[in-house]
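Contents: one structure, followed by commentary.
For ligands, and for the atoms within them, numbers begin at 1 and follow the listed sequence. FYI, the numbering just counts along the sequence from 1. Values in this document were obtained by computation on a predicted structure and should not be read as measured data.
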Amino acid sequence: MRKNSLSTIEDLSNQQIEDVLELAGEMQQDLRACYGLASGYLMASLFLEPSTRTRGSFESAMKRLGGQTITTADAATSSLAKGETLADTMRVWSGYADLIVIRHPWEGSARLAAEYATVPVVNAGDGGHEHPTQTLCDLLTLKKEHGALEGLRVALCGDLKNGRTVHSLTLALLRFGAQIIFVPGEGLDLPDYLKQRIVSEYGVPIERVSAKDMDLGALFEGREGDSAFLNAVYMTPTQPHQLAIHQQDALVKFASKGRPLALYMTRKQKEREGSGAPGAYPKVNARIMSSSSLSKAVVMHPLPRVDELATDMDQDPRSKYFEQAWNGVPVRMALISLILGLKPWRRATDTAPGKPQVLVAAEGLRCVNPICVVNKEPQNAHAEVVFYSKPSPWFLCKYCERQAPAEYFIPSGQTHSRPIKELMVSSMDQLSRLRFLPDRQSAIAAGFPPTLSEHSKVIEVKG
Ligand code: NCD
């Protein structure tokens, strides 16, 4: 973890995730038994977007550990409303608390906050980007259900485009070798940058599967059995993530395609751009769940629910959403204890947590996401991008992880630009000295029109 902060689920290694869940399970046995562990410590909870469960359970967790909390739950009452920067806010709060938990509408805000705070920062939701601590609650729920994190098969349903819980959960599930079926509402598919990461980092293709074949057509009321298509990622024992600690047996057991173990429902994120459109949306109710294909599936939801999850499921033993919310207290107790060093990490983490990032600050590479912290607070953001080499070079904003467009590059000393797929990188230094162009039009406008060469050749960049 960078400075013990948690801005994305990728900041935790698989071993650290296992540690948090194991400790959470122990603490859950008796929530009063750890009282006093955090005595003398203070947690600031800065919630600049609405919250019930995340803030409530973080504060409950800190108080159950005997620590104290200070809350700002309304941007209008803090100096952010006077135009104070996030960077300054973090510098100031670092002198008031030992740990900062922040929810903020800007994507990538938690990462920037962690760069400026001198105490650990935990992301409690940064716009539509990530919500790593919700993922820890989701994983604890799944682990209790399945007995292990390996070999899970989960259907992620609803607003996959803007649902930050789904983004963090997807990344975590893949690292433990899960099979995922994406069941989006109409126009609310998983963002391209995440799909591209799945293909690039895990080497697994995203397959198109028919909802009918997956026995999931029933989730779309009134469209049962029609030709709706879903996306699925099937990890097999030959495609484990390099950092995953897989139990091969578990993977083998679930390697064949089949029914999901859990349906993870989400609400339409109406407050985010592009989520308001009407259209078919997956729903769950007692009638739908009576279908034989779903008889064994548990139902999860990060809550709040709107109308995608009917109350007639509340008494059903397969419904796990309230348990999932309650898991928030022991999970956050464990996380706080580990981050503050009040409990030791148990599993040795010899590899760097997450995938090591190759950061580049080359000309022409910039984030185009208007709600990214890079564009909201450019004076304090370090505008670097993460470099990916597969399938051909592409770049993600370091903060919000949206794709930074780069279709062309200018080889040094040349008068024309060339398509990015022709770039073969062998030196990161050299990469930072290159100039990139987002599209053909800007290449022409910059005076470096793309080459007309019929024989495209690979340009090797050497340091
Ligand atoms: C989620 C969130 O805030 O992203 N809620 C939560 O933290 N449990 C889900 C949502 O708001 O839809």
Side-chain angles (χ1 to χ4, degrees), residues 6-9 20 24 43 45-62 71 73-75 101-110 121-142 154 156-173 182-185 188 190-191 194 262-277 281-284 299-310 319-333 335-336 371 400-401:
L6 179 59
S7 36
T8 126
I9 193 69
V20 174
M43 180 186 87
S45 52
L46 310 182
F47 278 72
L48 308 174
E49 270 192 349
S51 173
T52 300
R53 278 149 290 274
T54 308
R55 182 162 74 87
S57 59
F58 256 114
E59 295 188 0
S60 167
M62 189 58 173
T71 304
D74 177 6
V101 177
I102 183 167
R103 173 170 286 189
H104 195 288
W106 298 346
E107 301 190 346
S109 51
V121 172
V122 175
N123 183 6
D126 57 336
H129 176 223
E130 275 213 43
H131 192 348
T133 67
Q134 177 64 44
T135 292
L136 295 170
C137 305
D138 302 340
L139 292 179
L140 182 61
T141 312
L142 284 165
V154 182
L156 301 178
C157 314
D159 190 347
L160 312 187
K161 182 177 175 202
N162 292 299
R164 54 192 172 199
T165 65
V166 169
H167 301 162
S168 300
L169 185 56
T170 297
L171 293 169
L173 286 174
F182 298 104
V183 189
L188 300 172
L190 204 66
L194 258 178
L263 295 179
Y264 187 96
M265 306 303 296
T266 59
R267 75 178 168 96
K268 224 183 231 190
Q269 306 282 302
K270 290 211 177 73
E271 68 275 35
R272 314 244 179 255
E273 188 150 337
S275 269
Y281 200 87
K283 289 193 167 119
V284 152
V299 179
M300 295 172 62
H301 195 307
L303 301 176
R305 62 178 153 185
V306 185
D307 57 0
E308 67 287 340
L309 172 55
S319 293
K320 301 290 167 194
Y321 32 94
F322 291 118
E323 193 182 315
Q324 198 182 342
W326 298 327
N327 281 341
V329 175
V331 160
R332 289 171 173 120
M333 285 170 77
L335 187 68
I336 293 169
I371 56 160
C400 71
E401 299 181 285

By side chain to side chain contact (heavy atoms under 4.5 Å, CB included), Pro50 pairs with (sequence neighbours left out) none
When you check ligand 1 against the protein, what N or O pairs turn up below 3.5 Å? List the atom names and distances, or just say none.
| unit_1 | atom_1 | unit_2 | atom_2 | d |
| --- | --- | --- | --- | --- |
| ligand 1 | 3 (O) | Arg103 | NH1 | 3.4 |
| ligand 1 | 3 (O) | Arg103 | NH2 | 3.2 |
| ligand 1 | 3 (O) | Arg164 | NH2 | 2.9 |
| ligand 1 | 4 (O) | Arg164 | NE | 2.7 |
| ligand 1 | 5 (N) | Leu303 | O | 3.0 |
| ligand 1 | 7 (O) | Thr54 | OG1 | 2.9 |
| ligand 1 | 7 (O) | Arg103 | NH2 | 3.1 |
| ligand 1 | 7 (O) | His131 | NE2 | 2.8 |
| ligand 1 | 8 (N) | Gln134 | OE1 | 3.2 |
| ligand 1 | 8 (N) | Pro302 | O | 2.9 |
| ligand 1 | 8 (N) | Leu303 | O | 3.2 |
| ligand 1 | 11 (O) | Arg267 | NE | 3.4 |
| ligand 1 | 11 (O) | Arg267 | NH2 | 2.9 |
| ligand 1 | 12 (O) | Arg267 | NE | 2.7 |
| ligand 1 | 12 (O) | Arg267 | NH2 | 3.4 |
| ligand 1 | 12 (O) | Gln269 | NE2 | 2.8 |

- prompt: Ignoring hydrogens and geometry, is there a side-chain-to-backbone donor-acceptor pair from Asn123 to Ser7 under 3.5 Å?
  reply: yes
Contacts of Ser60 meeting side chain to side chain contact (heavy atoms under 4.5 Å, CB included) (sequence neighbours excluded), chain-then-number -> Arg64, Val329
- Item | Basic-acidic side-chain contact under 4.0 Å: Arg103, Glu130 | no
For Gln324 and His301, the nearest pair of non-hydrogen atoms, with its separation, is OE1-N, 2.8 Å
Residues at least two apart in sequence or cross-chain that pass side chain to side chain contact (heavy atoms under 4.5 Å, CB included) with Arg55, listed by chain then number, are Ser45, Phe47, Ser51, Glu59, Thr71, Ala73
